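Below you'll find the structure, written out as C-alpha cells, and then a few comments.
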Amino acid sequence: MRVRRDALRRNFARIAEKVGPRGRILPMVKANAYGLGARSVVESLTPLDPWGFGVATVDEGMELREFGVTRPIVICAPVPPDDLGRALEADLQVSVSSLRALRAVEEAARRAGRVAEVHVEVDTGMGRSGFDWRRVGEWLPHLTRRSPYRIWTGCFTHLHSADEDGDSVDRQWERFSGVLSRARIASPDLLVHVLNSAGLFLRPELGEGVSRPGIFLYGGRVGRDQPAPEPVVSLHARVVHVRDAPSGTTLGYGSTYAASGEERWATLSIGYGDGLPRALGNRGFAIVAGARVPIIGRISMDVTVVDITGVSAVEEGVVATLIGSQGSDAITLDDVAELAGTISYEVLTGLTPRLPRIWSDDERPASTHRNDKGMRSS
Ligand SMILES: *Cc1c(COP(=O)(O)O)cnc(C)c1O
C-alpha cells in the first residue's frame, strides 16, 4: 500500500481554498486516519496549519498527544462516561449529546482538577447522537449556566446526505442555525463546525468557522457531480505464482470458477486478510504488466488469482495494481468500493496492518518502483 503525501497535502489545500480565509480546518483522523496511518497524516498536515484534529475515541486522541500533537483535539462522538477522566488528562475536547453526559463531564473535570472544553452536538437529522434541535428550550439553559468545571467551546451538527441531496443540507442547516442564534446570545464566541467533505463542496459558504473533512483528504469522491480528489492511496501486490490452466481447471474455495479454455492464471500475494474486499471475487480487477485483468474465483485470506490469458511479460515478482494507475489505466478507490458494494471509507479502513504503509512524495506512478522495500512478497 502506497500513500502519497503530496496528494494528501494538495487535497487539503483544495479544501482550504474552498472554505476561504474565514474558515479553518479540523481534519478528521479517526480510525487511524481512515487507515492511512494517523501519525503520518498528522505530521503531513500540521505544516499546513489545520485548526486541530478530529477523532472518534479517547484512545485515538491520546495517541495523537503521544505523537506530540499540541493543537486542539476534538472527540467528535459521544464519550463513554468511564473514559472521560482520561480524555481530560490528555487535554482532549469532548462532545456532549445529553444533559447526563454534560453532568458526567463536569464531574470528571472536578475530580481531575481540570476545566473541560465541551463541544455541543446538535442532532438535526442524523439521529445517532446530539441534543435534539426541537427541544433546544429544554437543554440550552443547562449549557448557558456557568460552571467552574467546563467551558462551552464549540457547537456542531453532522450532515447525513451531503453527497446526494442538497435540500437535506439546507434543511439541516436551517435547524442548526435556529439553535445557534439562541445559543450565541449567551455564548457569542462559540466555534461552529458543520461541514464534512461532501458538505464542503456542496455548500462551501457554510464553512465559516471550522470544517471537518475526512474522505476527500484521503482520495475518496464526495458525490457524482463534485470534482474528484487526487488519489492518495494505491494498493499493490506481487505475482507469486503463474500457471497454465487447461480447460476445466477449478479455482479457489467453492470452486466457483473453472477455466473455460486454455487459460493462464497469476496468483497475487494479497487477500481479504490484507483488506482486499472479498466481495471482489469473480467481480474485481487488477492491472498487471499494463493490462487490466479480471479477478477470478473467490478471494482467499492471503492470495487472489487473476486471469492473465494473452497478457505477456507476467512472471513471478511482477507487481500488480489493485487500486491505482499503471500506464494509462487506473482503478480508483471508488471503482473498487462500487464493485465491492460498499463505500470508499470502508475499503480504506478495512486495509489491515499486514500491509505496510509506504509513504512517498513521489510524482511518479508506483509501477515504476517495482523493487522497493516494503512491498509484500510472500
Ligand atoms: C467522519 C466524520 C466526518 C468526516 O466525514 P467525511 O465524509 O469523511 O468528510 C465529519 N464529522 C464527523 C462527526 C464525523 O464522524
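Since we're looking at a predicted model, the values are computed, not measured. Heavy atoms only: backbone and side chains are in, while hydrogens, waters and symmetry mates are out. We count ligands from 1, going down the list as the structure has it; atoms in each ligand are counted the same way.
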Tell me which protein heavy atom sits closest to atom 9 (O) of ligand 1, plus the residue, atom name and distance to 0.1 Å.
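The closest one turns out to be Ser197 OG, 2.6 Å.
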
Heavy-atom distance to atom 15 (O) of ligand 1: which of His119, His158, Lys30 wins?
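Ranked by closest heavy atom to atom 15 (O) of ligand 1, first place is Lys30.
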
Give the contacting part of Arg212 toward ligand 1: side chain, backbone, both or neither, where contact means a heavy-atom distance below 4.0 Å.
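The part of Arg212 near ligand 1 is both the backbone and the side chain.
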
Polar-atom distance check: Ile215 versus ligand 1, any N or O pair below 3.5 Å?
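Yes; at least one N/O pair falls below 3.5 Å.
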
Using distance alone, determine whether Gly214 and ligand 1 share an N or O pair under 3.5 Å.
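Checking ligand 1 against Gly214, an N or O pair does fall under 3.5 Å apart.
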
Counting from 1, what ligand 1 atoms have a heavy atom of [X] closer than 4.0 Å?
X: Tyr34; value: 1 (C), 4 (C), 5 (O), 6 (P), 8 (O)
X: Tyr345; value: 6 (P), 7 (O), 8 (O)
X: Pro213; value: 9 (O)
X: Arg128; value: 15 (O)

Going by an N to O cut-off under 4.0 Å, is there a salt bridge joining Arg171 and Asp167?
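Looking at Arg171 and Asp167, the cut-off is not met.
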
List in chain and number order the residues that pass salt bridge (charged side-chain N to carboxylate O under 4.0 Å, His left out) with Arg203, two or more places apart in sequence or in another chain; answer none if no residue qualifies.
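Applying salt bridge (charged side-chain N to carboxylate O under 4.0 Å, His left out) to Arg203 gives Asp170.
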
List for me each residue that meets salt bridge (charged side-chain N to carboxylate O under 4.0 Å, His left out) alongside Glu208, sequence neighbours excluded, and say none if there are none.
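Glu208 satisfies salt bridge (charged side-chain N to carboxylate O under 4.0 Å, His left out) with Arg22 only.
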
Mind checking whether Phe201 and Phe216 have parallel, tilted or perpendicular rings, split at 30° and 60°?
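It falls in the tilted class, 30° to 60°.
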
Parallel, tilted or perpendicular: which one describes the rings of Tyr34 and Tyr218, with boundaries at 30° and 60°?
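The rings of Tyr34 and Tyr218 sit tilted, inter-plane angle from 30° to 60°.
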
For Val122, does its backbone N or O pair with a side-chain atom of Thr157 as donor and acceptor, under 3.5 Å?
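A pair under 3.5 Å: yes.
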
Is it the case that the side chains of His142 and Arg103 hold a donor-acceptor pair, with the cut-off being a distance below 3.5 Å and no angle test?
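No, no side-chain donor-acceptor contact under 3.5 Å.
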
